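We name chains A, B, ... by the order of the sequence lines, and we start the count at 1 in each one. Note that the structure is predicted; figures quoted are calculated from it, not measured.
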Number of protein chains: 4
Amino acid sequence: MITATEILPKFENLLERKAYEKIRREAFDYIARGAGSEATMQENLRAFSKWKIRPRILRNVSEIELSCTLLNQQLSSPLLVAPIGVQRIAYPEGELASARAARQLDVPFVVSSAASYSMEDIANELGDSSRWFQLYCSLEYSVTKSLVQRAETNGYSAIVITVDTPVLGIRETDAHNQYSPLEEGEGFGNYMNDPAFRALLEQSPEEDMNAALQKQIEIIDQPSLDWEELKKVRKLTNLPILLKGVLHPEDAKLALANNIDGIIVSNHGGRQLDHCIASLDALPDIAHVIQKRIPILLDSGIRTGVDVFKALALGADAVLLGRPLIYGLAINGEDGVKQVIQKIHHELEISMALAGVRTVQEINSNFLFKE
Amino acid sequence: MITATEILPKFENLLERKAYEKIRREAFDYIARGAGSEATMQENLRAFSKWKIRPRILRNVSEIELSCTLLNQQLSSPLLVAPIGVQRIAYPEGELASARAARQLDVPFVVSSAASYSMEDIANELGDSSRWFQLYCSLEYSVTKSLVQRAETNGYSAIVITVDTPVLGIRETDAHNQYSPLEEGEGFGNYMNDPAFRALLEQSPEEDMNAALQKQIEIIDQPSLDWEELKKVRKLTNLPILLKGVLHPEDAKLALANNIDGIIVSNHGGRQLDHCIASLDALPDIAHVIQKRIPILLDSGIRTGVDVFKALALGADAVLLGRPLIYGLAINGEDGVKQVIQKIHHELEISMALAGVRTVQEINSNFLFKE
Amino acid sequence: MITATEILPKFENLLERKAYEKIRREAFDYIARGAGSEATMQENLRAFSKWKIRPRILRNVSEIELSCTLLNQQLSSPLLVAPIGVQRIAYPEGELASARAARQLDVPFVVSSAASYSMEDIANELGDSSRWFQLYCSLEYSVTKSLVQRAETNGYSAIVITVDTPVLGIRETDAHNQYSPLEEGEGFGNYMNDPAFRALLEQSPEEDMNAALQKQIEIIDQPSLDWEELKKVRKLTNLPILLKGVLHPEDAKLALANNIDGIIVSNHGGRQLDHCIASLDALPDIAHVIQKRIPILLDSGIRTGVDVFKALALGADAVLLGRPLIYGLAINGEDGVKQVIQKIHHELEISMALAGVRTVQEINSNFLFKE
Amino acid sequence: MITATEILPKFENLLERKAYEKIRREAFDYIARGAGSEATMQENLRAFSKWKIRPRILRNVSEIELSCTLLNQQLSSPLLVAPIGVQRIAYPEGELASARAARQLDVPFVVSSAASYSMEDIANELGDSSRWFQLYCSLEYSVTKSLVQRAETNGYSAIVITVDTPVLGIRETDAHNQYSPLEEGEGFGNYMNDPAFRALLEQSPEEDMNAALQKQIEIIDQPSLDWEELKKVRKLTNLPILLKGVLHPEDAKLALANNIDGIIVSNHGGRQLDHCIASLDALPDIAHVIQKRIPILLDSGIRTGVDVFKALALGADAVLLGRPLIYGLAINGEDGVKQVIQKIHHELEISMALAGVRTVQEINSNFLFKE
């Protein structure tokens, strides 16, 4: 096979390396690696590193306040747990463990469509803690409708529709490893427990694992999805709907025109389009279009509290955290996730104090410097 | 000898490394290495890496269409096999094998003047599949005329005149290896079967291999070639004529003024002028001059489908693929070439779907971002 | 512990490496390492390296004059010893040895609040040589007052108030090493000998080392310090007051408005805010605001005499030297410090001669080039 | 000694490495290394690498003409041998061997004041071949006068006055090696045979080697040299006078005002001021001032024929070649020097042919591209 890229382990940071030591290689690669040449992944980090903070002094920073409001919800910090599927490949308790960590720190948890556990089981762990549901819009309208209704029933307070996955990106390492967590049955938490999905399966000639898998992949890959199709989902629920994967300012305009409630600037952590613009590089133009009319979130490249500061300064209202949490989960389950979130909270607090800002609302581009 | 550069094997990618393992070192070096310090080769890659794609969303990409029209010919994709000579050094069946691969995937094949096999034998393998002929204009008008007539007779539908080789670039590795495929008789496919060329040889005092070689090198090196000389070739045929090796916008203007039918922006894969402008860097100014009046093709630096996307976005109508195909050929003959083309087609399709474009005609610079 | 960064020794220069060989690893790390990812430290060096000197010729440089005037004080060169605490961790005689070196070369010595020895003992070594006192403003007004009075009594001619330490930066290496020189009692030279500080301690339930340490850390961390609070210190003394840690031009304006006598552009050697603007990058905007009304000093990144030249050319009146002197101290005590200062003086002289300037006052941005 | 930098051998190119293998380490270091951190040396190379050539096509380059006119002298190419002293440390026959190489290729030879052999002996080897003399202006007017007269007597056709050495740069490697070729008596070719210099020595209390050395170093170091002093030299001769070491456009203006006949843009190969502007970066502004009224030469960073092309395109009329020739000398004496010059001639010719220029006069900035 001449197309696979042999990638030696190389680590962005100590967290990643420790996770590498904890889980099987194929699972680690699935989590850590990105699409194609990984140019997008590298660009995500480079985009952050080019911005520097120009701090203010003598501003009485004895009280640092991380809390903020997002879609009329009160957040303890501008941080959410990104919708990451198949978390059981990192740790047996998967989303159950990370949800418990999120609950303890009062951080909203975004459940992935492709979670290892069902949204009901995860909601159970979350108790009263805030949760959103990430949706791959199926052309099987019945499944979409069923998933959204279950989300409403189980206290999910927003729907995140991922729009950067009309087809799956090219993951050369997974191809080389001949590894797919879906094929191993790791991402069925929501689907196999869904009545509409099961009804679909019953129509299949062979109601077996392969058929289920095929259906789910069809749902995740949604090449024909467009703004018209999206209107149908809009009618399904009164929950706020956010689009995840917006990178072009023209699409931010369309999001406003289509009454979308929020935007997540994201390139899927560099897992979809290779040589894609860094999410942070895409942020300023989008913030310029949005003009604070709806919230903007960002993911892809956040590793530290300083990164959160920079994203807020360039126009994000909050950020989603992905890989670092999964590394924490792999290293030490619930406690590992907690430690990572606490570390980033601490870094954000210290960065704010040293930059002379007391609240996340004060953070703006006057605190940034780029050559 | 103090002028040779000792170059340890270093590989751009896995494909190159696998090819390295398959063929003799001198042949690999001839294919893989470039002129002088290889600054041009490096720049070719760097030029691509600085552009990022800013994708659009929700555009219904269930049908991706790679086909396009070029010089009134229908192409299955904006990809052609570049004119590469002496392919037998990579694989015994040389151009015959790569031609079969091109035919199966309906990709136009550009036969090099310096092919290992004759254009007749290659045409035989290509059947009805599209073919162009690359010409080094000889001052021996009889040979030029004969080659062009043979091309017409054998169904070649365009003539590509290479204009970046008035003299041969300095290839330090080949000098160090004391290796020249021509001197080993590898590039005589077209010439030794040409009646005009053989007639010339008969005039030589000694009609031997050395004399033939000398004649051919004189033909390839064409230092006195100029626009006036080119007019004679123009009169030889009604086939469209493209110039390969245009890098300066002033020459694009002259090409228009001289009724040239197409331009190939190329620096000969970094094999001619060291420290030359990257072909991709030269493209925008040339596209600005041409204003779509004649087609623009590009080679030098294309490695993946994402590269094809970027070249089209900056003004190319199609691209030519060189080294990657020869590596595929070295690794696995006809199948190797096919796999490489299929991989690039697949990458282009996925990149288009993820960027939100359905046809190659939609690709433009609004999808690009450069800092 | 998943948050610590394992840092292998890597050395900026030979001086650092030699110091590494002389002292225990924890002490070396405390001195050499910086906050977080050390992006600020790296940026401090990169900021210098991007400027080049464009020299003048034929200007008679037979007499090079390094002397200058600062706050009505005559300096032998535009160089001061930065306020560095706990110098005993580098060398048993600590500040006493470095003070003797400064005295011999007539370089002003800035004593740190957190010095290992008391300002009285250090003043004793300095004799008539120039000294300033660096102050962490305590909310315990009595201690601030007492420290300032002792400084006045002991011949200190300026007060440097550090304003970039409302909280302590995140030093991952120290956390990993579980090392704190304060906790080892290394920074008590000024406090344990201070009557006001001791009186405070006597009010503590347990007058022990831990209580003293806690008090001192509270004093150094001064999150509520603001411009209002600063006015109280202003009233305590007629000595000139400089603020150390100014990086934003808006704060330079406020410094002028608050009758501050001088500004030190500094990011605390990259030990406080990670991803902070380089001090040299911050300098030009601040110099533009100040317009020579009060002196501007700079530290963070000065390693050679050429660096001093560049800082002066961009608007600094003088520079403070930190880590290099401590490395000299670690390597060879008083003589080591002297050698480092002499080397930098020599480099500055040679750079000036080769750039065609005779006095430090002549140095300006016409001598610089940046691409 | 804490100031020396330990430098492991690192080689710019194969030529340098081969020279390293041929001569003693101290001599190699003296030749190959630069001032301070070697930032200037690195910048000299970087400055070239950022420019790319944008070639023209179809221009009939069957005849490439390297010859040019400089100061009314006919040159076989725009290349001169730079004034390099103490060549005996590279090869026993030193300047005698390199002069023979220059003569055979009709390349002007600039004899250094600090040559190992006398200008008479070198002139003898040069025969009718073109020669210039490089002068360190001594405040001992008698010596300057005597050297200039000897140059006139021996057929030298221009005087090059080096103005970038008012003091010697800091060469840390030489200090570390405790090596000085002058102290080993290697640079006395011109002085010990000079009647005025010997007369000076006779006035010294001790007429010994140390006194001679001291005198010569005083002559080379010329800190008080200025434009007034230079006028005296101007009066000594009718030969054209060039200033070597001009980097600032203001000094180019002064050169015109002082009736200087030519300018050599140079930073002494990175051997004087560390962090100095690259000579190529300084060239355009100087060319803009000079407006072709007097010739501009350039050295510092020329390694290949492509470099010569770039220097000419940015405004130089010719270039001087230093280190590469000395490496050739070290490797193989006269033949080594010839091979290096021939290689660069060949590269220049090929670069011109491939860029579509027939004469060096045609080379201009339209052939360059910089991002």
Side-chain angles (χ1 to χ4, degrees), chain A residues 1-7 35-37 39-40 42-43 46-47 50 137 139 161-170 172 176 221-230 243-252 254-255 258 260 263 267-268 272-278 281-282 285-286 370, chain B residues 11-19 22 45 48-64 303-307 309-310 324 327-332 335-340 342-344 346-358 366-371:
Chain A
M1 173 60 172
I2 60 174
T3 58
T5 301
E6 285 173 8
I7 297 170
S37 67
T40 305
Q42 291 163 24
E43 196 69 3
R46 209 187 61 76
K50 74 190 166 203
C137 283
L139 299 183
I161 299 179
T162 299
V163 291
D164 60 9
T165 317
V167 298
L168 203 67
I170 298 174
E172 299 197 357
H176 179 76
D221 283 9
Q222 43 189 348
S224 65
L225 191 68
D226 60 12
W227 293 101
E228 279 310 303
E229 198 66 34
L230 207 66
L243 296 188
K244 178 165 177 284
V246 181
L247 291 166
H248 204 293
E250 292 301 318
D251 287 324
L254 289 175
N258 281 274
I260 297 300
I263 274 177
N267 56 31
H268 215 122
Q272 283 291 98
L273 176 58
D274 196 16
H275 288 270
C276 185
I277 187 172
D281 283 337
D285 287 350
I286 289 174
K370 189 176 67 152
Chain B
F11 305 108
E12 269 180 39
N13 49 47
L14 184 61
L15 194 64
E16 184 178 329
R17 205 192 70 184
K18 290 197 171 172
K22 284 284 193 171
L45 300 188
F48 279 94
S49 70
K50 75 190 166 203
W51 292 97
K52 302 295 166 189
I53 299 176
R54 179 142 57 174
R56 301 299 305 270
I57 53 168
L58 293 169
R59 313 240 294 183
N60 187 354
V61 290
S62 50
E63 302 288 333
I64 298 294
R303 297 292 175 268
T304 68
V306 182
D307 296 333
F309 187 103
K310 293 177 183 175
Y327 295 146
L329 182 66
I331 294 165
N332 203 19
D335 283 350
V337 175
K338 268 181 66 180
Q339 284 177 290
V340 172
Q342 285 171 324
K343 180 176 181 283
I344 292 178
H346 179 60
E347 291 163 346
L348 177 57
E349 272 184 334
I350 297 295
S351 299
M352 287 170 65
L354 294 177
V357 294
R358 284 149 295 203
N366 288 330
F367 291 93
L368 291 191
F369 172 83
K370 190 177 66 154
E371 206 178 354

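B/R54 CZ to A/I286 CD1: the interatomic distance, rounded to the nearest 0.5 Å, is 7.5 Å. Between the CG atom in B/L58 and the CG atom in A/L243 there is a gap of 6.5 Å [rounded to 0.5 Å].
Looking at A/D285, only its side chain comes within 4.5 Å of chain B, counting heavy atoms on both sides. Heavy-atom distances place no part of B/K370 under 4.5 Å from chain A, backbone and side chain included. In this structure, chain A has a heavy atom under 4.5 Å from the side chain of B/E371, while its backbone stays farther away. If you measure heavy-atom distances from A/E229 to chain B, you find no contacts under 4.5 Å at all. Using a 4.5 Å cut-off between heavy atoms, B/V306 contacts chain A through its side chain alone, with no backbone atom that close. In this structure, chain A has a heavy atom under 4.5 Å from the backbone of B/R59, while its side chain stays farther away.
The two residues A/S224 and B/N60 make their nearest non-hydrogen contact at CA-OD1, 3.1 Å. A/I277 and B/P55 make their closest contact through CG2-CD, 4.3 Å (heavy atoms, listed as atom of the first residue, atom of the second, distance). For B/I57 against A/G245, the heavy-atom pair with the smallest separation is CG2-O, 3.6 Å.
If you tally non-hydrogen atom pairs under 4.5 Å between each of A/D164, A/L225, A/L168 and chain B, the highest count goes to A/L225. Options A/D274, A/D226, A/N267, A/T40 differ in how many heavy-atom pairs under 4.5 Å they form with chain B, and the most are formed by A/D226. Ranking B/L368, B/I350, B/T304, B/L354 against chain A, the residue ahead of the rest is B/L354, based on heavy-atom pairs under 4.5 Å. Annotation: maximal heavy-atom pairing with chain B below 4.5 Å, among A/C276, A/A35, A/P166, A/A278, occurs at A/C276.
Here the side chains of B/K52 and A/D281 are not in contact, with every heavy-atom distance at 4.5 Å or above.
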I would like to know whether B/L14 and A/E172 meet side-chain contact (heavy atoms from CB on, under 4.5 Å); could you show each step before the answer?
CA-CA 12 Å; B/L14 184 61; A/E172 299 197 357; over 6 Å; no

Test B/I64 against A/V167 for side-chain contact (heavy atoms from CB on, under 4.5 Å), laying out the working first.
CA-CA 11 Å; B/I64 298 294; A/V167 298; over 6 Å; no

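With hydrogens and angles ignored, the 3.5 Å screen pairs no side-chain donor or acceptor of A/H275 with any backbone N or O of B/F48.
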